Amino acid sequence: MSTEATEPQRYVHAEIEARWQRYWDEHQTFSTPARSGSRPKKYVLDMFPYPSGAGLHVGHPEGYTATDILARFWRMNGIDVLHPMGWDAFGLPAEQYAIETGTHPAVTTQKNVETFRRQLKSLGFSYDWTREVDTTDPAYVRWTQWIFLQLFHKGLAYQDRVSVNWCPALGTVLANEEVKDGLSERGNHPVERVPLRQWMMRITAYADRLLDDLSMVDWPHGTLTMQREWIGRSEGARIVFGIAGTEKSFDVFTTRPDTLIGCTYCVLAPEHPLVGEITTAEQKEAVQTYASAASSRSDRDRSSDAKKKTGVFTGAYAIHPITGSQVPIWVADYVLYGYGTGAVMAVPGHDERDFEFAKTFDLPIVEVVSPDGALHAPIAKAFIDDGIAVNSGEFNGLSTAQCKKAMIEKLASLNKGSARITYKLRDWVFSRQRYWGEPIPVYFPVQMEDANGNPRSGDKHTILYDQPIAVDESELPLRLPDLTDFKPGQDPAGPLARAVDWRYFQKDGKWYARETNTMPQWAGSCWYYLRFTDPQNSTVAWSEKAHNDWMPVDLYVGGAEHAVLHLLYSRFWHKVLFDLGHVKQPEPFMKLVHQGMILGEDGDKMSKSRGNVVNPDHIVKMFGADALRMYEMFMGPLEAVKPWQTSQVSGVVRFRDRLYSAVLKNDSAAVMGEETKKLLHRTVKKVTHDIESMAFNTAISQMMVYVNHLYTLTTIPLEAVLPLILIVSPFAPHLGEELWNKTGHSQSLAYEPWPTWDEALCVDDVVEMAVQVNGKVRGKIQLAKAATEEEARTAALAVESVAAFTQGKQVKKFVYVPGKIINLVVG
RNA sequence: GCCGAAGUGGCGGAAUGGCAGACGCGGUGGACUCAAAAUCCACUAUCCGCAAGGGUGUGAGGGUUCAAGUCCCUCCUUCGGCACCA
């Protein structure tokens, strides 16, 4: 026999990985099983990507590898797994590219999807590719529009004129969170505030349920907090203030009704409709100037110089609902029109902002809550904590909690107020003035000036936006018209307004106009997890059976950047669908995990401009898909933010190659020694537990320990490596399949039962224990776990290195924790 | 400012209150080789010491405990999120 023949073969990743990927494709290894009901299921979901032109980024495979490991692990545990992938493919970049080059967004999208699919396939993920969905596919859009209509029919989708962030350069409205310092987050174009007709989603109707049902899900603590904060429920009171000399009144919202007696002035938001009505002639000019200046500034600008308080007196006075005294009414932009009632009662003694404002404009400050019941005038700073009511007449002496209650009762009896709950959460601006989104399936009657006119040829007409008509479900999907010019233009109606043949149509001799706004990118991602259960269904969005088979999502993995918006919008739609009976659980995502961001080698966020982007194609080519997968899992805890280091990849490459050649050296006749057997069982146990708790880095480390041990053996028994092949396979599936095949198996290991362990082999009867003297390790002993305290003491004192420190001293205390530690306290 | 997460060798990181630094990268030495690469083996927190051994050490300072990276208090730094929410 030649030396070459006995030399273990090298692991040629390019050839082996391509071969197994082909095998999985040809054998449909990962097609989703038909559910019979007798086996448990797991729905393992990744946040699907936006297929950008830049292709996959090393950040993507991090979460995808984590879910793939669990999907493969659960299959091997006899669980039916749904593990799909798709594309969140509407969005601004494709449209921007279309504007620049004239290439249709559908063409760009298709090309990008192909790149993403090829790249994901090259990583060996066990997705069921027959379930792929694409949010831009008319067969998908159809059902997004269908869900919109359900919301519309329930009165949850409505039109309103709202002051929005209009970006003329992008020709679209941006969400507050998409605007940074008066510029658009994408492209840095200037943004202005203008009132526009918009489609809104009444998410506020679901505020309490969105808040309460967070108790039903297993999500990261921080994400739950962020959602709660975003909803921002706050309990307080609505209080009515009359306006002196008129019949008019206004409501304020306060969380501190107990401080009402200390109210020395009121403040209206500049946008408040009463401002124009109550301002006196002398103050008119100043107020108008102030209000118009405030309205032209963005929310962000208005809040950026929050420290400096500005405002103008209206000349009008409000009547205090309890004392009947008159307090001045001011206008100031620290009061937000969009929150509460857009008006506040100012209690400078007990609110920091009111205090600053009162100081600036020399308004009176009264103490009505005291920390100790005594009086402290003048007050040096606002006392905002709970205390005891003072200077409050009949309420004096009450605690803050008692006083709140008493004040609300008093107000109610006077018909001047009531308990009230307010939310920070606002309704969702749902329309976009863009081309590349789902058309909103609504149309409006058109009134022609000349009854024989044709709106398509520009004859004068009026669109009756207040009479929206839903497109009939049978006509869905309402497709986008083909355009060649995607430029946004001046018209806030968006590019679709130019497709006049599409926009205007006749029915029964009357003209109608389609809605030219489109849906936001969130729409498609709000319900894709439902479509994955039944992606090809052409009669319903998903069948009841498909829903029952797979919902809810058991594990959802994605970036923390979606902690609020995507997850909140998605939960909102889900709850609406729940109320309509289309889904059966109130919450869609049971367990949520955020993978941490992967930074560049320089420790900065990866970005093209920094030039620190790592392309997964390059890593796969150099080291192989299994190496990339294992490296990303070995880098550190999944949730942690961590820097990429290409030099570290060689560690997992060596591990893979050592494992490969150790297995190939196996001897089927050899029997495991006791030490090997114990370590194998412990390794299987630890890897199993670590996968379940998603501690992939320590699972890999344990397998490395085991492989290192195999290298100390002169012969490696086959029985010592078979379980190893199985437990490494979720991490390195190509390696697993190759070795499973080379150890005489003709079938894929994808459904091979997961190895078990013998607990008895995982515990030692005799352990090495450290012996401490005054907390410092001074020696080691071998001791039975069952040893008595007396045996332990004798053994410990017999150790020479220990005796050196106890010599001539008295043992004041003897600490013995069996199997853990011995500590001699001497003095 | 508020909320959240985190600070451990040269680097990534590990450690149910019980021997800090598993595992990996890098480094040093050795084996193999004509030589190199690859591979294999050993060592590798730091200070004093020829060694045996000892001292110090988990962002800083206190505390609880026989015992603290881990629990408590004060502070510093970094990252992420929110930001006049009445």
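Computed from a predicted model, the values in this text were never measured in an experiment. Chain naming here is simple, since letters A, B, ... match the order of the sequence lines and numbering starts at 1 in each.
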Sugar-phosphate or base contact per nucleotide [nucleotides 17-25 of chain B; S, B, -; heavy atom under 4.0 Å]: -BB--BBBS

Dot-bracket encoding per residue of RNA chain B, Watson-Crick/G-U cut-off under 3.5 Å, | denoting interstrand: (((((((..(((.....[....)))((((((.......))))))((((....))))..(((((..]....))))))))))))....

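Rounded to whole angstrom, the span from the CG atom of A/L425 across to the P atom of B/C82 amounts to 15 Å. Between A/Y631 atom OH and B/C11 atom C1' the separation is 10 Å, expressed in whole Å. At whole-Å resolution of the value, NZ in A/K776 and C1' in B/G55 are 8 Å apart. Taking atom CD on A/E789 and atom C1' on B/C66, their separation rounds to 12 Å, with Å as the unit. Rounded to whole angstrom, the span from the OH atom of A/Y11 across to the C1' atom of B/U39 amounts to 19 Å. Across the protein-nucleic acid pair, A/Q227 atom CD and B/C82 atom C1' stand 14 Å apart, rounded to whole Å. Residue A/L268 contributes atom CG, which lies 18 Å from atom P of B/A86 at whole-angstrom precision. Taking atom NE2 on A/H689 and atom P on B/A15, their separation rounds to 15 Å, with Å as the unit.
Taking the nucleotide of RNA chain B with the nearest heavy atom to each of A/M226 and A/D351, the more 5' of the two is matched to A/M226. Of the two residues contacting RNA chain B, namely A/T225 and A/T341, the nearest-nucleotide position lying further toward the 5' end is that of A/T225.
Comparing B/U78 with B/A31, their P atoms sit 50 Å apart, to the nearest whole Å.
Using a 4.0 Å cut-off between a side-chain N of Lys or Arg and a carboxylate O of Asp or Glu, A/K404 and A/E235 do not qualify as a salt bridge. Using a 4.0 Å cut-off between a side-chain N of Lys or Arg and a carboxylate O of Asp or Glu, A/D764 and A/K785 do not qualify as a salt bridge. Salt-bridge formation is detected for the pair A/E759/A/K685: a Lys NZ or Arg NE/NH1/NH2 atom is positioned less than 4.0 Å from an Asp or Glu carboxylate oxygen.
Between A/Y423 and B/C85 there is no side-chain N or O to OP1 or OP2 distance below 4.0 Å. Residue A/K813 places at least one side-chain N or O closer than 4.0 Å to OP1 or OP2 of B/C66. Within the structure, every side-chain polar atom (N or O) of A/K642 is placed at least 4.0 Å from both OP1 and OP2 of B/A5.
Of all heavy-atom pairs between A/L679 and A/V705, the closest is CD2-O, 4.4 Å.
With no hydrogens or angles considered, a side-chain donor-acceptor pair links A/Y711 and A/S661 at under 3.5 Å.
Comparing B/G80, B/C84, B/G4 by their closest approach to the side chain of A/K309 singles out B/C84. Side-chain proximity of A/V335 to the nucleotides B/A86, B/G80, B/U56 is greatest for B/A86.
When ring centroids are compared, A/Y265 and A/F361 stay outside the 6.0 Å threshold.
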